[in-house]
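Written out below as structure tokens is the structure these notes cover.
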Amino acid sequence: MWSIKLGCFCFDLNSFYLSTLLYLRGQFLPRVTAALQASFSSHSCQYKSLTSKWKYDYDLVVIGGGSGGLACSKEAAQLGQKVAVLDYVEPSLKGTKWGLGGTCVNVGCIPKKLMHQAGLLGTAVKDAKKYGWQIPGPIQHDWVTMAEAVQNHVRSLNWGHRVQLQDKKVKYLNIKGSLVNEHTVRGLTKAGKEMTMTAKNIVIATGGRPKYPTNVPGAMEHGVTSDDIFWLKKSPGKTTARLLTWCLSDVALECAGFLTGIGLDTTVMVRSIALRGFDQQMAGLVTDYMEAYGTKFAWECIPKRVEKLSSGALQVTWTDTKADQEHKDTYDSVLWAVGRAPETKALGLDKLGMQLNKETGKIIVGADESTSVPNIYAFGDIGEGRPELTPTAIKAGKLLARRLAGQSTELMNYDNVPTTVFTPLEYGCVGLSEEEAEKRHGKDGLEVFHAFYKPLEFTVAERDANQCYLKVVCERGGDQRILGLHFTGPNAGEVTQGFALGFQCGATYSHLLSTVGIHPTCAEELTKVNITKRSGLDATVTGC
Amino acid sequence: MAILIQLTRTHTPSWFTIKKQLFSTFRRHEKTIRRSMASDPSTGEPTRFDFLVIGGGSGGLAGARRAAELGAKTAVIENHKLGGTCVNVGCVPKKVMWNAAVHAEYLHDHSDYGFDVENVLIHLSDSNAKIQTIHGHATFTNDPEPTVEVNGRKYTAPHILIATGGQPSVLSDAEVPGAHLGITSDGFFELERLPKRSVIVGAGYIAVEMAGILSTLGSKTSLVIRQTGVLRNFDAFISTNCTKELQNTGVDLWKNSQVTSVSKKDSGLEVTIVTKDPEKKNDEEKISTIQEVDCLLWAIGRQPNTSGLNLTELGVDTDERGHIVVDEFQNTSRSGIYAVGDVCGKALLTPVAIAAGRKLAHRLFENKKDSKLDYSSIPTVVFSHPPIGTVGLTEEEAVKLKGKENVKIYKTSFTPMYYALTTRKSPCIMKLVCVGKEETVMGLHMQGLGCDEMLQGFAVAIKMGATKADFDRTVAIHPTSSEEFVTMR
């Protein structure tokens, strides 16, 4: 205990010392170093590594302490680079703020999965009765217990990240970073103090933040986003989660799922379709399951305004575009999950002339994560066309660090990225959706094997398994290489990972069939699937 | 934060509810299955089929169904319930019980997560394939052509498959006085109520699963093992961890121990156990008793069901333990006679028997000469608490086969995120056994929450010859436990 506290003390002192030093050096060094760099722009690594030690304050400065930025900075430090990572959390509109680790740890994957787990436990209680457990009285959920436990876990992760940075000798600066030129970063502390530092390479990994709809009066004043929902001090009560799906946002469904699971009356408003970009048959199964388990859906509806009534309730007015009618209802909370916007505002990118995608505002990046400005790289959610996923950011960040340290030339492969949506019925997939496969190979070029299966867990619990489904989209010719693999069911995340590895190795349909199944599991159904869509036969799995 | 539910041991499950649901369904199967019986008169002339299957368990039924689908006139002979061990007294009821036990664990976690705290539809014979069912015990006759007699009627076929499976081994009263007072895994599923005090004998996966289920459901459970660890033919990493986890979940473990006698008292069984640590040569044997036992379960292995088949007359070879000897194509030593599944004593798993039965049907009735099951890299899950997943070589096997210098091990151990909120914690351990310069992954072993569902996909990749580099190239799914396999260093 004592040693931790001592370590913390040293850490802060060091930070103070270094930032003062940086401030002084930053005044004149950049201009000199930039000139030097220009005259020796050859790719002689030897020269660079010899000089960078004194030429710049750092080999690498990473702006953004999320999953990607942390992975990149730690990897670089382990390869002997001198690294600083700048992280600063701008509070949400509702004033929610958090620590080191970015979206995934604080307001994304981690709290979401934990609350998803809480939702699953709600269903498990009902199942337990069928399994013979005698539970008296109605079950109630206490938001505060859950939220405090989740938040404590997140705080422990924040702390863990700081310790890791310290162990790996990465300089952590809790300041807001912006770019001055291709080798210089300006930092602004919470207290308004400015500092400058120079670096051979600069990496932008500031990620994104949830958007609010712009044309709905009252949306910002009265609504929350995923930045707030996990940190609410009290239950959001009767919630309406509104979903607009022009991006790949699965947040709305995941939030609505766990809110329903812990017993809240939750409505999802959907502009057109859910889970755009995902296989739409699978998306349909996910939402059907949610409807069957109590989540309400208002399909093809567009909210018009949100007003706060004197009772404190929120009155939402919306247009049902199917019937072109206007409706009103009251809710305790409104959660907006209309997509995410990149965090570029404060970076000063325009002064550097960095190329951005005009529509998305994201930074245009090359296969090696380079931007249009030399020595500046960007990856993760902020990179145009990159998947908004933690593991891809972590992997891309590590590979970038290795390349920048001259240790490797390996590029990040953004294909074959598996993912799982943690809705009450989990959905895991890797590869192409059936629609996309059809587009690329034609309907006649595909063989789709599929099965509706019943998890053994569901049988005694007398649960409906109509949405437990899997399909394997294969090339029709040749050795029937797998193009896409989709699975809905309990533990889909855990099921999918191994198959993603098989997919990465180039698995064919016969590879699945030649693997002995594990009995009795849900995953084994993927090695038994044998009904093709083309045959039109009933795909319901029977037998043992 | 009013906690309405006090989660205590008084929350024992209604054992009867589970049983009722399980067995009502199985009974229904029988009704549907017994629809077609051999109807030919007893003329002395054997009834001819293309394919005759002795044993209506998973392997026999799978082979029979596939053969029938391929056009063969097929019959299955079964003297008990169709479905065999897996459905009636094995995997299926076991997993249902395991699920019930998992719920017990969840119930304990509920308060941490903020909570105040149509039947089994497995149709066995719904295939369109036409299979005749013959009820009764099969015996091979001495006719020159292999022929089977059931209830005085004779049946023959050019291809006869023996898929009679196995049954739990039992000890005689001569070996252990009072041994008959105990039950086996078959009897376990017939228990009418949850035993208060259980003693399980054995260190194999069945013993581990039964001990886990009984203990988690609230029975005070002791496990008697002859040496110091359970699952000794598993990777030592798993064996050690599983032994520790059993103790963590409250199983009272008796190492270096054997049951020497059992006697019946008014208050239940009295089990006498002798304990001696072989490493402490000077130690005396310690004799102890466990009293008021209402369930003594022998889980000391399984033996093949071959009695009464008249195999020696037939010229079918068996090994010293009575298992039928088969080649890689399931051929026995007599041509036209085949065997699959537990009766062969190799990889005693339902999907293995099913796959072998189907492969055989394809070879015999579709003329696929090379159709056989590859017995390497067969994935296995043990439904312990938490579950174990394993495929391929153990570290010990790899070192023995390939040499220590050619084997590289990757290991990790962590607490799954589910436990972030709970006071109950249980680690997840993972291990990769890699061989050669390419670091081909030849073995994967794990124990932890969710491992049962994690394994299958990895098994596909390992069968494809995946290397450590392939693991590294695969993008993780976040946040899961299985992602640790692709982010291992």
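So you know, we letter chains A, B, ... as the sequences are listed, proteins then strands, and number each from 1. Keep in mind that the numbers below use all heavy atoms, side chains included, and drop hydrogens, waters and symmetry copies.
- For Leu513(A), no part sits under 4.5 Å from any heavy atom of chain B, backbone or side chain.
- Heavy-atom distances place both the backbone and the side chain of Thr420(A) under 4.5 Å from chain B.
- Taken from CG in Leu121(A) to NE2 in His103(B), the straight-line distance is 10.0 Å, to the nearest 0.5 Å.
- Heavy atoms of Leu526(A) lying under 4.5 Å from chain B are absent altogether.
- Scanning both residues, Asn491(A) and Glu453(B), for their nearest heavy atoms gives ND2-CG, 3.9 Å.
- When heavy atoms are compared at a cutoff of 4.5 Å, Ala347(B) does not approach chain A at all.
- With a 4.5 Å cut-off on non-hydrogen atoms, Gln497(A) touches chain B through its backbone and its side chain both.
- Contacts between Val430(A) and chain B at a heavy-atom distance below 4.5 Å are absent for every atom of the residue.
- Here the side chains of Val516(A) and Pro379(B) are in contact, with some heavy-atom distance below 4.5 Å.
- In this structure the side chain of Val460(B) reaches within 4.5 angstrom of the side chain of Leu512(A), judged on heavy atoms.
- Between the side chains of Ser482(B) and Glu494(A), at least one donor-acceptor pair of N or O atoms lies under 3.5 Å.
- Nearest approach of Cys91(B) to Pro520(A), heavy atoms of both residues: O-CG, 3.8 Å.
- Residues Lys113(A) and Met417(B) form a side-chain contact, since some pair of their non-hydrogen atoms from C-beta on lies under 4.5 Å apart.
- Ala124(A) and Tyr106(B) make their closest contact through CB-CD1, 3.9 Å (heavy atoms, listed as atom of the first residue, atom of the second, distance).
- Of all heavy-atom pairs spanning Val96(B) and Tyr131(A), the tightest one is O-CE2, 3.4 Å.
- Side chain of Gln456(B) to main chain of Thr527(A): no donor-acceptor pair is present (N/O by atom type, distance under 3.5 Å, no hydrogens or angles).
- Atom-to-atom distance recorded for Leu501(A):CG and Phe471(B):CZ is 4.5 Å, nearest 0.5 angstrom.
- The greatest number of non-hydrogen atom pairs below 4.5 Å with chain A, out of Val475(B), Val391(B), Ile477(B), Val102(B), is found for Ile477(B).
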Checklist entry - Which is it for Leu456(A) and Val92(B) under the side-chain contact (heavy atoms from CB on, under 4.5 Å) test, yes or no, and what are the steps along the way? => result CA-CA 8 Å; Leu456(A) 191 59; Val92(B) 171; 4.1 Å; yes
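- Contact between Ala466(B) and Cys505(A) at its shortest, heavy atoms only, is CB-SG, 3.9 Å.
- Among Asn413(A), Thr508(A), Asn416(A), Val150(A), the residue making the largest number of heavy-atom pairs under 4.5 Å with chain B is Val150(A).
- In terms of heavy-atom pairs under 4.5 Å with chain A, the best-connected choice from Lys463(B), Lys94(B), Met464(B), Arg473(B) is Met464(B).
- Ranked by heavy-atom pairs shorter than 4.5 Å toward chain B, the options Cys109(A), Cys104(A), Ala492(A) are led by Cys109(A).
- Atom-to-atom distance recorded for Glu410(A):CD and Asp472(B):CG is 9.0 Å, nearest 0.5 angstrom.
- For the set Ala147(A), Ser156(A), Gly493(A), the count of heavy-atom pairs under 4.5 angstrom toward chain B peaks at Gly493(A).
- Looking at Met115(A), there are no atoms closer than 4.5 Å to chain B (heavy atoms on both sides), in backbone or side chain.
- Residues Glu483(B) and Lys395(A) are not paired through a salt bridge, judged by the lack of any N-O separation under 4.0 Å between the basic side chain and the carboxylate.
- Put simply, OH on Tyr113(B) and NE2 on His141(A) are 10.0 Å apart, with the number rounded to the nearest 0.5 Å.
- Both the backbone and the side chain of Asp127(A) come within contact range of chain B, each with at least one heavy atom under 4.5 Å from a heavy atom of that chain.
- The greatest number of non-hydrogen atom pairs below 4.5 Å with chain B, out of Gly263(A), Gly502(A), Pro418(A), is found for Pro418(A).
- Here the NE2 atom belonging to His478(B) is positioned 6.0 Å from the CD1 atom belonging to Ile394(A), to the nearest 0.5 angstrom.
- With a 4.5 angstrom heavy-atom cutoff, His153(A) touches chain B only via side-chain atoms.
- Here the closest non-hydrogen pair linking Asp452(B) and Thr521(A) is O-CG2, 3.6 Å.
- For the pair His519(A)/Leu349(B), no side-chain contact is recorded, criterion being any heavy-atom separation below 4.5 Å from C-beta on.
- Note: Leu107(B) CG to Trp133(A) CH2 = 6.5 Å, rounded to the nearest 0.5 Å.
- Chain A forms the most heavy-atom pairs under 4.5 Å with one residue out of Leu455(B), Asp112(B), Leu444(B), and that residue is Leu455(B).
- You'll find the side chain of Thr480(B) reaches within 4.5 Å of the side chain of Phe422(A), heavy atoms only.
- For Leu373(B), the part lying near chain A is the side chain, with the backbone staying farther off; criterion is any non-hydrogen pair under 4.5 Å.
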